[in-house]
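Working notes, beginning with the structure itself.
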Amino acid sequence: MKRAAAVMLAAVLFALWAAALLLPLPARAGEEETYLCLWEDGTTKESYAAAYAALAGVQPDGVVLERDGKRGVIRAGEAYRVLLAVLETGDLPALLSADGAGLTRIERAAVWRTYSARLWYADEWFSWTGDAIARTARSELVSAQTLTVFSGFPAARDLAALGVERLVLREAYPVSAADFIGTRIGALEIPAPYSVQDGAVLLATAGGVRIVCALPTVRTLALPDADYADEGALLACGGLEEVRVPFVGSALRAEGTAFTGRFSHLFSDGEDVYVPSSLRRVTIAGGTLAAFAFYGCPDVEYVDCCTVAAENISRTAFSGMAGLAELHCPRADLVLTGSFSRERLACGCTRYVRDA
(Lines give C-alpha, C1' and ligand atoms only; values in the text may rest on other atoms or scores of the structure.)
Protein backbone atom coordinates (compact mmCIF):
# COMPACT_ATOMS: atom_id res chain seq x y z
CA MET A 1 0.00 0.00 0.00
CA LYS A 2 2.80 2.37 0.96
CA ARG A 3 4.67 1.44 -2.18
CA ALA A 4 1.61 2.18 -4.34
CA ALA A 5 1.20 5.59 -2.70
CA ALA A 6 4.85 6.38 -3.28
CA VAL A 7 4.56 5.44 -6.93
CA MET A 8 1.46 7.60 -7.33
CA LEU A 9 3.16 10.61 -5.65
CA ALA A 10 6.16 10.20 -7.92
CA ALA A 11 3.88 10.16 -10.96
CA VAL A 12 2.15 13.37 -9.83
CA LEU A 13 5.45 15.13 -9.24
CA PHE A 14 6.69 14.03 -12.66
CA ALA A 15 3.53 15.37 -14.31
CA LEU A 16 3.90 18.71 -12.54
CA TRP A 17 7.56 18.93 -13.58
CA ALA A 18 6.71 18.18 -17.18
CA ALA A 19 3.94 20.78 -17.20
CA ALA A 20 6.27 23.35 -15.72
CA LEU A 21 8.63 22.88 -18.66
CA LEU A 22 5.85 23.98 -21.01
CA LEU A 23 4.84 27.11 -19.02
CA PRO A 24 6.62 30.52 -19.31
CA LEU A 25 9.01 31.40 -16.55
CA PRO A 26 7.50 33.76 -13.92
CA ALA A 27 8.66 37.37 -13.78
CA ARG A 28 11.52 37.96 -11.39
CA ALA A 29 10.59 39.67 -8.14
CA GLY A 30 10.83 43.47 -8.57
CA GLU A 31 11.04 43.28 -12.36
CA GLU A 32 9.99 46.66 -13.81
CA GLU A 33 7.60 47.53 -16.60
CA THR A 34 9.20 48.86 -19.77
CA TYR A 35 7.79 51.39 -22.22
CA LEU A 36 8.44 52.51 -25.78
CA CYS A 37 9.11 56.25 -25.94
CA LEU A 38 8.87 58.16 -29.21
CA TRP A 39 11.48 60.91 -29.50
CA GLU A 40 12.15 63.36 -32.32
CA ASP A 41 15.14 61.30 -33.42
CA GLY A 42 13.92 57.79 -32.77
CA THR A 43 12.42 55.33 -30.30
CA THR A 44 13.84 54.06 -27.03
CA LYS A 45 12.83 51.33 -24.59
CA GLU A 46 12.56 52.86 -21.14
CA SER A 47 12.53 51.18 -17.76
CA TYR A 48 10.23 52.65 -15.13
CA ALA A 49 13.20 54.12 -13.26
CA ALA A 50 14.57 55.82 -16.39
CA ALA A 51 11.14 57.07 -17.46
CA TYR A 52 10.38 58.42 -13.99
CA ALA A 53 13.71 60.26 -13.84
CA ALA A 54 12.81 62.05 -17.10
CA LEU A 55 9.10 62.53 -16.32
CA ALA A 56 7.95 66.00 -17.46
CA GLY A 57 4.16 65.84 -17.41
CA VAL A 58 1.05 64.62 -19.16
CA GLN A 59 -0.68 65.32 -22.44
CA PRO A 60 -3.75 63.68 -24.02
CA ASP A 61 -1.80 61.22 -26.14
CA GLY A 62 0.68 60.09 -23.53
CA VAL A 63 3.26 60.64 -20.81
CA VAL A 64 5.85 63.31 -21.59
CA LEU A 65 9.56 62.77 -20.92
CA GLU A 66 12.38 65.29 -21.22
CA ARG A 67 16.02 64.35 -21.52
CA ASP A 68 19.06 66.23 -22.83
CA GLY A 69 16.87 69.03 -24.14
CA LYS A 70 14.59 66.68 -26.09
CA ARG A 71 10.97 65.69 -25.53
CA GLY A 72 9.55 62.22 -25.93
CA VAL A 73 6.13 60.65 -25.47
CA ILE A 74 5.16 57.26 -24.10
CA ARG A 75 1.92 56.51 -25.90
CA ALA A 76 -1.13 56.41 -23.65
CA GLY A 77 -3.44 53.52 -23.03
CA GLU A 78 -7.20 53.92 -23.27
CA ALA A 79 -7.68 54.10 -19.48
CA TYR A 80 -5.20 56.97 -19.29
CA ARG A 81 -6.85 58.93 -22.11
CA VAL A 82 -10.30 58.57 -20.56
CA LEU A 83 -9.08 59.59 -17.11
CA LEU A 84 -7.18 62.61 -18.39
CA ALA A 85 -10.22 63.87 -20.30
CA VAL A 86 -12.36 63.62 -17.18
CA LEU A 87 -9.79 65.33 -14.95
CA GLU A 88 -9.43 68.22 -17.39
CA THR A 89 -12.98 68.81 -18.65
CA GLY A 90 -15.39 66.46 -16.92
CA ASP A 91 -18.40 67.56 -14.89
CA LEU A 92 -18.59 66.85 -11.16
CA PRO A 93 -20.39 63.44 -11.38
CA ALA A 94 -17.87 62.22 -13.96
CA LEU A 95 -15.00 63.51 -11.85
CA LEU A 96 -16.22 61.70 -8.72
CA SER A 97 -16.60 58.43 -10.62
CA ALA A 98 -13.16 58.52 -12.25
CA ASP A 99 -10.45 56.15 -11.06
CA GLY A 100 -6.94 55.02 -11.90
CA ALA A 101 -7.78 51.42 -12.75
CA GLY A 102 -5.96 50.21 -15.84
CA LEU A 103 -3.10 52.74 -15.70
CA THR A 104 0.46 51.58 -16.16
CA ARG A 105 2.91 52.41 -13.42
CA ILE A 106 4.43 55.36 -15.32
CA GLU A 107 0.96 56.65 -16.26
CA ARG A 108 -0.06 56.53 -12.61
CA ALA A 109 3.11 58.42 -11.61
CA ALA A 110 2.54 61.06 -14.31
CA VAL A 111 -1.07 61.62 -13.27
CA TRP A 112 -0.03 61.91 -9.64
CA ARG A 113 2.80 64.34 -10.49
CA THR A 114 0.35 66.59 -12.36
CA TYR A 115 -2.85 66.36 -10.36
CA SER A 116 -1.50 66.19 -6.83
CA ALA A 117 -0.93 69.94 -7.21
CA ARG A 118 -4.59 70.54 -8.14
CA LEU A 119 -7.83 70.79 -6.24
CA TRP A 120 -11.50 70.80 -7.13
CA TYR A 121 -14.19 72.74 -5.27
CA ALA A 122 -17.97 72.28 -5.11
CA ASP A 123 -18.85 73.96 -1.83
CA GLU A 124 -16.25 71.59 -0.37
CA TRP A 125 -12.74 70.45 -1.37
CA PHE A 126 -11.77 67.45 -3.50
CA SER A 127 -8.34 66.07 -4.44
CA TRP A 128 -6.76 63.24 -6.44
CA THR A 129 -5.68 60.45 -4.08
CA GLY A 130 -3.72 58.49 -6.65
CA ASP A 131 -6.65 56.16 -7.28
CA ALA A 132 -9.69 58.45 -7.39
CA ILE A 133 -11.13 61.86 -6.49
CA ALA A 134 -12.09 62.13 -2.84
CA ARG A 135 -13.26 64.77 -0.40
CA THR A 136 -10.41 66.51 1.38
CA ALA A 137 -10.44 68.27 4.75
CA ARG A 138 -9.35 71.90 4.61
CA SER A 139 -6.75 71.25 7.31
CA GLU A 140 -5.05 68.69 5.06
CA LEU A 141 -4.53 71.09 2.16
CA VAL A 142 -1.03 72.41 1.63
CA SER A 143 -0.94 73.89 -1.85
CA ALA A 144 -2.81 73.78 -5.14
CA GLN A 145 -1.39 75.55 -8.17
CA THR A 146 -4.62 74.90 -10.10
CA LEU A 147 -8.13 75.00 -8.64
CA THR A 148 -11.28 74.03 -10.56
CA VAL A 149 -14.52 75.39 -9.10
CA PHE A 150 -17.89 73.78 -9.88
CA SER A 151 -20.09 75.65 -7.40
CA GLY A 152 -19.67 78.23 -4.68
CA PHE A 153 -16.44 80.21 -4.40
CA PRO A 154 -13.58 79.84 -1.89
CA ALA A 155 -12.59 82.83 0.22
CA ALA A 156 -9.69 84.91 -1.05
CA ARG A 157 -7.72 84.02 2.08
CA ASP A 158 -8.02 80.31 1.20
CA LEU A 159 -6.90 80.93 -2.37
CA ALA A 160 -3.93 82.86 -1.00
CA ALA A 161 -3.04 80.20 1.57
CA LEU A 162 -3.17 77.46 -1.06
CA GLY A 163 -0.99 79.44 -3.47
CA VAL A 164 -3.48 79.07 -6.34
CA GLU A 165 -2.02 80.41 -9.59
CA ARG A 166 -4.61 79.16 -12.09
CA LEU A 167 -8.35 79.28 -11.41
CA VAL A 168 -10.87 77.45 -13.60
CA LEU A 169 -14.54 78.33 -13.07
CA ARG A 170 -17.05 75.91 -14.59
CA GLU A 171 -19.95 78.29 -13.83
CA ALA A 172 -20.22 82.03 -14.49
CA TYR A 173 -19.72 83.03 -10.87
CA PRO A 174 -20.14 86.82 -10.35
CA VAL A 175 -16.50 87.59 -9.58
CA SER A 176 -15.16 90.90 -8.27
CA ALA A 177 -11.78 92.28 -7.23
CA ALA A 178 -12.50 91.28 -3.63
CA ASP A 179 -12.32 87.62 -4.68
CA PHE A 180 -8.65 88.02 -5.68
CA ILE A 181 -7.16 90.45 -3.16
CA GLY A 182 -4.02 88.95 -1.64
CA THR A 183 -3.94 85.96 -4.01
CA ARG A 184 -1.35 84.97 -6.62
CA ILE A 185 -3.78 84.07 -9.39
CA GLY A 186 -2.26 84.81 -12.78
CA ALA A 187 -4.62 82.82 -15.03
CA LEU A 188 -8.41 82.63 -14.99
CA GLU A 189 -10.85 80.61 -17.10
CA ILE A 190 -14.50 81.64 -16.78
CA PRO A 191 -17.57 81.00 -18.97
CA ALA A 192 -19.56 83.64 -20.87
CA PRO A 193 -20.87 86.26 -20.38
CA TYR A 194 -17.50 86.83 -18.71
CA SER A 195 -14.21 86.90 -20.57
CA VAL A 196 -10.56 87.50 -19.74
CA GLN A 197 -8.40 89.74 -21.90
CA ASP A 198 -4.76 90.47 -21.08
CA GLY A 199 -5.39 90.09 -17.37
CA ALA A 200 -8.65 92.08 -17.29
CA VAL A 201 -11.96 90.38 -16.49
CA LEU A 202 -14.87 91.72 -18.56
CA LEU A 203 -18.62 91.19 -18.40
CA ALA A 204 -20.85 91.55 -21.47
CA THR A 205 -24.19 93.14 -20.49
CA ALA A 206 -27.18 94.52 -22.39
CA GLY A 207 -25.92 98.04 -21.65
CA GLY A 208 -22.34 97.43 -22.77
CA VAL A 209 -19.04 95.92 -21.63
CA ARG A 210 -18.06 96.27 -17.97
CA ILE A 211 -14.54 96.08 -16.57
CA VAL A 212 -15.13 93.88 -13.53
CA CYS A 213 -11.64 93.34 -12.13
CA ALA A 214 -8.10 92.40 -13.05
CA LEU A 215 -5.80 89.57 -12.01
CA PRO A 216 -3.59 90.44 -9.04
CA THR A 217 -0.25 89.44 -10.57
CA VAL A 218 -0.28 91.99 -13.39
CA ARG A 219 2.37 94.69 -13.35
CA THR A 220 1.60 96.30 -16.72
CA LEU A 221 -2.07 96.35 -17.66
CA ALA A 222 -3.84 97.53 -20.81
CA LEU A 223 -7.56 97.61 -20.08
CA PRO A 224 -9.54 96.97 -23.28
CA ASP A 225 -12.17 99.33 -24.66
CA ALA A 226 -15.30 99.17 -22.52
CA ASP A 227 -18.36 101.17 -21.51
CA TYR A 228 -18.22 100.89 -17.71
CA ALA A 229 -15.80 100.07 -14.91
CA ASP A 230 -16.80 98.63 -11.54
CA GLU A 231 -15.77 100.51 -8.43
CA GLY A 232 -12.54 99.02 -7.10
CA ALA A 233 -11.95 96.98 -10.25
CA LEU A 234 -8.16 97.18 -9.75
CA LEU A 235 -8.07 96.78 -5.97
CA ALA A 236 -6.40 93.35 -6.24
CA CYS A 237 -3.52 94.74 -8.35
CA GLY A 238 -1.28 95.79 -5.47
CA GLY A 239 1.92 95.72 -7.55
CA LEU A 240 0.62 97.57 -10.61
CA GLU A 241 3.28 99.77 -12.24
CA GLU A 242 1.71 100.92 -15.50
CA VAL A 243 -1.87 100.98 -16.78
CA ARG A 244 -3.75 102.01 -19.89
CA VAL A 245 -7.42 102.85 -19.28
CA PRO A 246 -10.15 103.44 -21.90
CA PHE A 247 -11.55 106.26 -19.73
CA VAL A 248 -11.19 107.76 -16.27
CA GLY A 249 -13.89 107.04 -13.70
CA SER A 250 -16.95 104.83 -13.83
CA ALA A 251 -18.00 105.14 -17.48
CA LEU A 252 -16.93 106.15 -20.95
CA ARG A 253 -19.68 108.78 -21.12
CA ALA A 254 -20.09 111.37 -18.39
CA GLU A 255 -23.84 110.87 -18.10
CA GLY A 256 -26.26 110.31 -15.23
CA THR A 257 -26.00 110.96 -11.52
CA ALA A 258 -24.05 107.75 -10.93
CA PHE A 259 -21.08 108.90 -13.04
CA THR A 260 -17.80 109.24 -11.16
CA GLY A 261 -14.97 110.95 -13.00
CA ARG A 262 -11.98 110.15 -10.81
CA PHE A 263 -9.18 107.75 -11.69
CA SER A 264 -9.18 106.51 -8.09
CA HIS A 265 -12.65 104.98 -8.73
CA LEU A 266 -10.75 101.88 -9.90
CA PHE A 267 -9.04 101.57 -6.51
CA SER A 268 -11.90 102.44 -4.15
CA ASP A 269 -13.61 100.03 -1.76
CA GLY A 270 -16.49 102.49 -1.27
CA GLU A 271 -14.91 104.18 1.72
CA ASP A 272 -11.16 104.48 1.14
CA VAL A 273 -8.86 104.64 -1.88
CA TYR A 274 -5.88 102.31 -2.33
CA VAL A 275 -3.95 103.44 -5.42
CA PRO A 276 -0.73 101.38 -5.23
CA SER A 277 2.44 103.37 -4.62
CA SER A 278 4.11 101.29 -7.36
CA LEU A 279 1.88 102.84 -10.06
CA ARG A 280 3.93 105.36 -12.02
CA ARG A 281 2.58 105.56 -15.56
CA VAL A 282 -1.00 106.06 -16.76
CA THR A 283 -2.29 106.29 -20.34
CA ILE A 284 -5.87 107.40 -21.00
CA ALA A 285 -7.51 106.53 -24.32
CA GLY A 286 -10.75 108.52 -24.14
CA GLY A 287 -13.70 109.58 -22.04
CA THR A 288 -13.93 112.69 -19.88
CA LEU A 289 -11.33 114.08 -17.47
CA ALA A 290 -13.23 116.06 -14.85
CA ALA A 291 -11.77 118.53 -12.35
CA PHE A 292 -9.25 116.89 -9.99
CA ALA A 293 -9.61 113.60 -11.89
CA PHE A 294 -6.35 112.33 -10.36
CA TYR A 295 -7.01 113.30 -6.77
CA GLY A 296 -5.51 110.71 -4.44
CA CYS A 297 -2.74 109.66 -6.84
CA PRO A 298 0.42 111.26 -5.36
CA ASP A 299 2.84 108.66 -6.76
CA VAL A 300 1.82 108.78 -10.44
CA GLU A 301 4.67 110.38 -12.36
CA TYR A 302 3.70 110.17 -16.03
CA VAL A 303 0.32 110.67 -17.73
CA ASP A 304 -0.48 110.48 -21.44
CA CYS A 305 -3.96 111.56 -22.61
CA CYS A 306 -3.07 112.45 -26.20
CA THR A 307 -6.13 110.75 -27.70
CA VAL A 308 -8.68 112.34 -25.36
CA ALA A 309 -10.64 115.23 -26.93
CA ALA A 310 -9.37 118.56 -25.57
CA GLU A 311 -12.91 119.76 -24.87
CA ASN A 312 -13.41 116.73 -22.58
CA ILE A 313 -10.49 117.67 -20.32
CA SER A 314 -10.95 120.08 -17.41
CA ARG A 315 -8.20 122.68 -16.86
CA THR A 316 -7.81 121.35 -13.33
CA ALA A 317 -7.99 117.65 -14.21
CA PHE A 318 -4.41 117.10 -13.01
CA SER A 319 -4.33 119.61 -10.17
CA GLY A 320 -3.11 118.15 -6.88
CA MET A 321 -0.72 115.62 -8.46
CA ALA A 322 2.31 116.30 -6.30
CA GLY A 323 4.40 113.54 -7.89
CA LEU A 324 3.64 114.35 -11.53
CA ALA A 325 6.88 114.66 -13.51
CA GLU A 326 5.63 114.62 -17.12
CA LEU A 327 2.29 115.05 -18.86
CA HIS A 328 1.28 114.66 -22.52
CA CYS A 329 -2.04 116.46 -23.09
CA PRO A 330 -3.99 118.18 -25.90
CA ARG A 331 -4.73 121.19 -23.65
CA ALA A 332 -2.08 123.91 -23.29
CA ASP A 333 -3.73 125.84 -20.46
CA LEU A 334 -3.81 123.33 -17.64
CA VAL A 335 -3.55 124.31 -14.00
CA LEU A 336 -0.93 122.07 -12.42
CA THR A 337 0.50 121.73 -8.91
CA GLY A 338 4.07 122.98 -9.09
CA SER A 339 6.20 124.59 -11.80
CA PHE A 340 6.34 123.03 -15.29
CA SER A 341 8.01 123.87 -18.58
CA ARG A 342 5.93 123.39 -21.74
CA GLU A 343 6.77 122.06 -25.18
CA ARG A 344 4.53 121.95 -28.25
CA LEU A 345 4.52 118.50 -29.89
CA ALA A 346 4.00 117.50 -33.54
CA CYS A 347 0.73 115.75 -32.63
CA GLY A 348 -0.68 119.10 -31.46
CA CYS A 349 -0.43 118.26 -27.78
CA THR A 350 1.58 120.00 -25.10
CA ARG A 351 4.27 118.21 -23.15
CA TYR A 352 4.55 119.40 -19.56
CA VAL A 353 7.80 118.62 -17.67
CA ARG A 354 8.25 119.50 -14.00
CA ASP A 355 11.01 122.00 -13.43
CA ALA A 356 13.99 120.77 -11.44
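Side chains are part of it too, since the values below use all heavy atoms of this structure and drop only hydrogens, waters and symmetry mates.
In terms of modelled atom types and a separation under 3.5 Å, the side chain of Arg354 and the main chain of Leu324 share a donor-acceptor contact. Side-chain atoms of Asp355 come within 3.5 Å of backbone N or O of Ser341 as a donor-acceptor pair. Side-chain atoms of Thr307 come within 3.5 Å of backbone atoms of Ala285 as a donor-acceptor pair (strictly under, hydrogens ignored). A donor-acceptor contact shorter than 3.5 Å links the side chain of Arg170 to the backbone of Gly90.
Annotation: side-chain hydrogen bond (donor to acceptor under 3.5 Å, both in side chains) contacts of Thr136 (sequence neighbours excluded): Ser127. The salt bridge (charged side-chain N to carboxylate O under 4.0 Å, His left out) test applied to Asp299 returns no partner, not counting sequence neighbours. Partners of Tyr173 under the side chain to side chain contact (heavy atoms under 4.5 Å, CB included) rule, at least two apart in sequence or in another chain, are Phe153, Leu169, Val175, Asp179. Residues satisfying the side chain to side chain contact (heavy atoms under 4.5 Å, CB included) criterion with Ala258, sequence neighbours excluded, are absent altogether. In this view, Asp123 and Ser151 satisfy the side chain to side chain contact (heavy atoms under 4.5 Å, CB included) rule, not counting sequence neighbours. Considering only residues two or more places apart in sequence or on other chains, Tyr52 meets the side chain to side chain contact (heavy atoms under 4.5 Å, CB included) condition with Tyr48, Leu55, Ile106, Ala109, Arg113. Annotation: ring-ring contact (aromatic ring centres under 6.0 Å, His included) contacts of Phe318 (sequence neighbours excluded): Phe294.
Among residues at least two apart or in separate chains, salt bridge (Lys or Arg N to Asp or Glu O under 4.0 Å) pairs with a member in residues 330-347 are Arg315-Asp333, Arg331-Asp333, Glu343-Arg351. Applying the salt bridge (Lys or Arg N to Asp or Glu O under 4.0 Å) definition to pairs two or more places apart or across chains, those involving residues 146-168 are Arg138-Asp158, Arg166-Glu189. Residue pairs that meet the side chain to side chain donor-acceptor pair (under 3.5 Å) test with at least one member in residues 57-69, sequence neighbours left out, are Glu46-Arg67, Gln59-Asp61, Asp61-Arg75, Glu66-Arg71.
A salt bridge links Glu301 with Arg280: the distance from a Lys NZ or Arg NE/NH1/NH2 to an Asp or Glu carboxylate oxygen falls below 4.0 Å.
When only modelled atom types and interatomic distance are considered, Glu241 and Ser278 share no side-chain donor-acceptor pair under 3.5 Å. With 3.5 Å as the limit, one finds a donor-acceptor pair spanning the side chains of Tyr35 and Glu33.
Between Ala79 and Ala101 the shortest heavy-atom distance is CB-O, 3.6 Å.
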Please set out all donor-acceptor pairs under 3.5 angstrom arising from side-chain atoms of residues 196-209, sequence neighbours excluded.
residue: Thr205; atom: OG1; partner: Gly207; partner atom: N; Å: 3.3
residue: Thr205; atom: OG1; partner: Gly208; partner atom: N; Å: 3.2
residue: Thr205; atom: OG1; partner: Gly208; partner atom: O; Å: 2.6

Review item, side-chain donor-acceptor pairs of residues 115-122, under 3.5 Å, at least two apart:
residue: Tyr115; atom: OH; partner: Glu88; partner atom: OE2; Å: 2.6
residue: Ser116; atom: OG; partner: Trp112; partner atom: O; Å: 2.7
residue: Arg118; atom: NH1; partner: Glu88; partner atom: OE2; Å: 2.9

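For the pair Arg281 and Tyr302, the cation sits on the ring face: its NZ or CZ lies under 6.0 Å from the ring centre, inside 45° of the axis.
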